[in-house]
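Everything on this sheet refers to the single structure shown next.
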Amino acid sequence: MINKEVKDAKEAVQDIFDGSTIMLGGFGLCGIPENCISALVQKNVKNLTCISNNAGVDDFGIGLLLQKKQVKKMISSYVGENNEFERQLLSGELEVDLIPQGTLAERCRASGAGIPAFYTPAGFGTEVSEGKEVREFNGKSYILEKSFDADFAIVKAWKGDTSGNLIYKGTARNFNPMMASAGKITIAEVEELVPTGQLDPNFIHTPGIYIQRIFKGINYEKRIEQKTISDESK
Amino acid sequence: MINKEVKDAKEAVQDIFDGSTIMLGGFGLCGIPENCISALVQKNVKNLTCISNNAGVDDFGIGLLLQKKQVKKMISSYVGENNEFERQLLSGELEVDLIPQGTLAERCRASGAGIPAFYTPAGFGTEVSEGKEVREFNGKSYILEKSFDADFAIVKAWKGDTSGNLIYKGTARNFNPMMASAGKITIAEVEELVPTGQLDPNFIHTPGIYIQRIFKGINYEKRIEQKTISDESK
Amino acid sequence: MSLNKFQIAQRISKELKNGYYVNLGIGIPTLVANYIPKKINVVLQSENGLLGMGPFPKRSDVDPDLINAGKQTITTLNGSVLFDSAESFAMIRGGHINMTILGAMEVSENGDIANWKIPGKMVKGMGGAMDLVSSSDNIIVAMMHTNKKGESKLLKNCTLPLTGKKCIKKIFTDLAVIEVTKNGFYLVEKAPNVSIEEIINKTEGKIEISKKLKDIEI
Amino acid sequence: MSLNKFQIAQRISKELKNGYYVNLGIGIPTLVANYIPKKINVVLQSENGLLGMGPFPKRSDVDPDLINAGKQTITTLNGSVLFDSAESFAMIRGGHINMTILGAMEVSENGDIANWKIPGKMVKGMGGAMDLVSSSDNIIVAMMHTNKKGESKLLKNCTLPLTGKKCIKKIFTDLAVIEVTKNGFYLVEKAPNVSIEEIINKTEGKIEISKKLKDIEI
């Protein structure tokens, strides 16, 4: 197998350049590549286009990149929970492209899978379909959506091996697998990095072929946005 | 959870009607729904359109349906290894639609995923693209391919639970997962059927939502087409 | 007496059938989970990648890697499945979800829905709503009949940017249960002691009254 | 002396680079697996759903649930991954396979390939070949220079139904290594003791000779 291990986040993101288009896995703050985001903040790379379902909160996740004004454009489905984001958007400093969540996921998958475009019903008859081809199949209307072209994809997994095979846990999987397949360069950070051969080949979520660099992340905070608890007296 | 267990193959296929379009999982003879094929032979349902990567061999797999002239049309990527198939094809008794293997897989996935059509490079400039829309994206030519419309999908898994969650083993996975998602009615036969809650939710290949009926299969033959052995003296 | 949001959720719960896979939006729809009849099996989908959503965890079981689409910590159940976002929306777009229950700002008499954007206000995004409403034949809206200004939310035409066109089949409000037909709104149930006139007055779009009109039972 | 099929495979093995993911077609391409240099790591993909294809099993390890695209029983290796056909062709179409090596019946001077159908004969199907040839920038053909009748397989135009258009970059035959350029075939290596004239005579399509032409080393 091919060894893709790098030392740390700093080494993994070293060639991410100003103006890059980057996919970042995660849903809300769940399953986000915390180490690489920190390294990007430190590197202070600018004018990024970030493809990510959400934009983090003010002081965590992609919010950290927004605070340092490193982001030129966000491509997301939902960007609430972030005051600095709102300020930059309203002042015109930040561009935002909002797209339906399923379309976002499928456009990522299409990018990795060599499908340049596909038809989806999501957004037909809404402003999402403006300027896009509309076409009827079996009496229902669909719009044409295209794949992305991302320079880098950065994903977070639970376990990985040195050949890049990845396993996710719980709902921290979300956008990570399809983004992993879609980067020209894909970087994976994992909580546990094991030697090749330790993972069951039947139960790997992301095959290593999609991964160019992998490292063991450190100090995961895994911040929770809405800690909801059952009434234990019940 | 929702209990989808049925008694056996006979019960599972009872409403498959003459003229049905059926997807059948498997690659070669690996991962094919042996029990359901036998039940279809017994039921002697006719004029089937079968979507399956291969057509079995003379006396096994879909070959058994061909021998009883139950198949009107095969939609496959490769149909060698079958003399009766060849006879019926040359005599005009059987229609065959040959499509590239990746297009077959993606059309099945699209059927389950609500994607009515997508663009693929496979077959551009060949007879596969005849009569199809050709379109250029980023300087490369692609052809438009559409999803299928299958009345039934029949798949074979290694393990399943009564709510229809499935796990496959080895390369017996192949077309089974995308076909499972694509049937109006999907029937799963499994080697081992366990109560709901026994399978790790992180490692399920086919979510139970796609499955309408599941049963524990019996007497799997798992015939091998090419038994190739290493030279053990090395 | 108009219904409160819990009673709306309770009424909607009667629409659930055994074996349904259901996606619940944020707000009143989420409350429906509390009223699922014990006799029937219903599986809840969370579009961030979970089928078989369980209740909130005990304090000791909170897992940051297990949240729902509202970013709340949750639990799995026996038989739950976890998957990625592409698979999740494959399920949704592919019509495998039997019922979707959503909140709305406006619904029009031809079934258009607006629930994601108010021009001039901060736009947070549509999330999965556009995929959900365009993908199923069974989209139900749970909302108040009027907005905070007392204006009808059941309109001839939506005034806000649409989430989806001609996709809503049934509306459950504090005042009524209303179907959307080719001829516009169709009043099939009303809250007890609410007059037909009040409902007509608070419905801007064209509305017909069912001859079998009855009181909402909860 | 022209090369035999093992020698062709051996020559092709030198095209492999460390870190390549490779798909090998049936025939001569399969033989390339035997000559992978020990110093480099190459991962073989089998399009029926395996990355990291190992050797044939020992008799006691034969598993009917583990075959390659040629339906032969095989083994996995440390680090192998199993997946479904949609994922497999996502890898292929998405350009994640670094090199594909295929057999061919005909190749034309503009890089067209025909290898799946002979009109009038039983057609078995294209399998994954059309996906493979249309999806990568690095498609290599391994074949004999002429067919059984002695006719050239390197043509001006293919006469058989195409598998793919303008997709072949390099051809390895028993006589030569030939690149496909904008100007047609380009002879870069020849088998030892085979004359340039013989190669030109057995190549129907337009062929140029590299000034750096050298003998094939194996």
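Note that this is a predicted model, so its numbers are computed, not measured. A note on names: the letters A, B, ... follow the listed sequences, proteins ahead of strands, and every chain is numbered from 1.
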Below 4.5 Å from any heavy atom of chain B, which atoms of C:Gln45 appear? Answer side chain, backbone, both or neither.
-> neither

Nearest heavy-atom contact between C:Ala90 and B:Tyr210 is CB-OH, 4.1 Å

Counting only heavy atoms not in C:Lys5, do more than 12 fall under 6.0 Å of its NZ?
-> no

Would you say C:Lys156 has more than 12 foreign heavy atoms packed within less than 6.0 Å of its NZ?
-> no

Could you give the distance from CD1 (B:Ile2) to CG (C:Asn98), rounded to the nearest 0.5 Å?
-> 7.5 Å

Option among C:Asn78, C:Leu77, C:Asn41, C:Leu51 that satisfies the side chain to side chain contact (heavy atoms under 4.5 Å, CB included) test with B:Met1 | C:Leu77

Answer yes or no: are there more than 12 heavy-atom neighbours, outside C:Phe6 itself, under 6.0 Å from its atom CZ?
-> no

Are there more than 12 heavy atoms of other residues, nucleotides or ligands under 6.0 Å from atom NZ of C:Lys214?
-> no

Near B:Glu127 CD, under 6.0 Å, is it more than 12 heavy atoms from other residues, nucleotides or ligands?
-> yes

Measure B:Asn165 against the heavy atoms of chain C and call it side chain, backbone, both or neither at under 4.5 Å.
-> side chain

Residue of the set C:Leu82, C:Val81, C:Leu50 for which side chain to side chain contact (heavy atoms under 4.5 Å, CB included) holds with B:Pro207 = C:Val81

Taken to the nearest 0.5 Å, the spacing of B:Leu199 CG from C:Ser80 OG works out to 11.5 Å

Does a sphere of radius 6.0 Å around CG in B:Asn138 hold more than 12 heavy atoms from other residues, nucleotides or ligands, not counting ones at 6.0 Å or beyond?
-> no

State whether the side chain of C:His96 and the backbone N or O of B:Ala113 hold a donor-acceptor pair below 3.5 Å, judged by distance alone.
-> no

d(C:Phe83 CZ, B:Ile209 CD1) to nearest 0.5 Å is 7.0 Å

Might you confirm whether atom CD1 of C:Ile26 has over 12 heavy atoms from other residues, nucleotides or ligands at distances under 6.0 Å?
-> no

What distance separates C:Glu87 CD from B:Arg109 CZ, expressed to the nearest 0.5 Å?
-> 7.5 Å

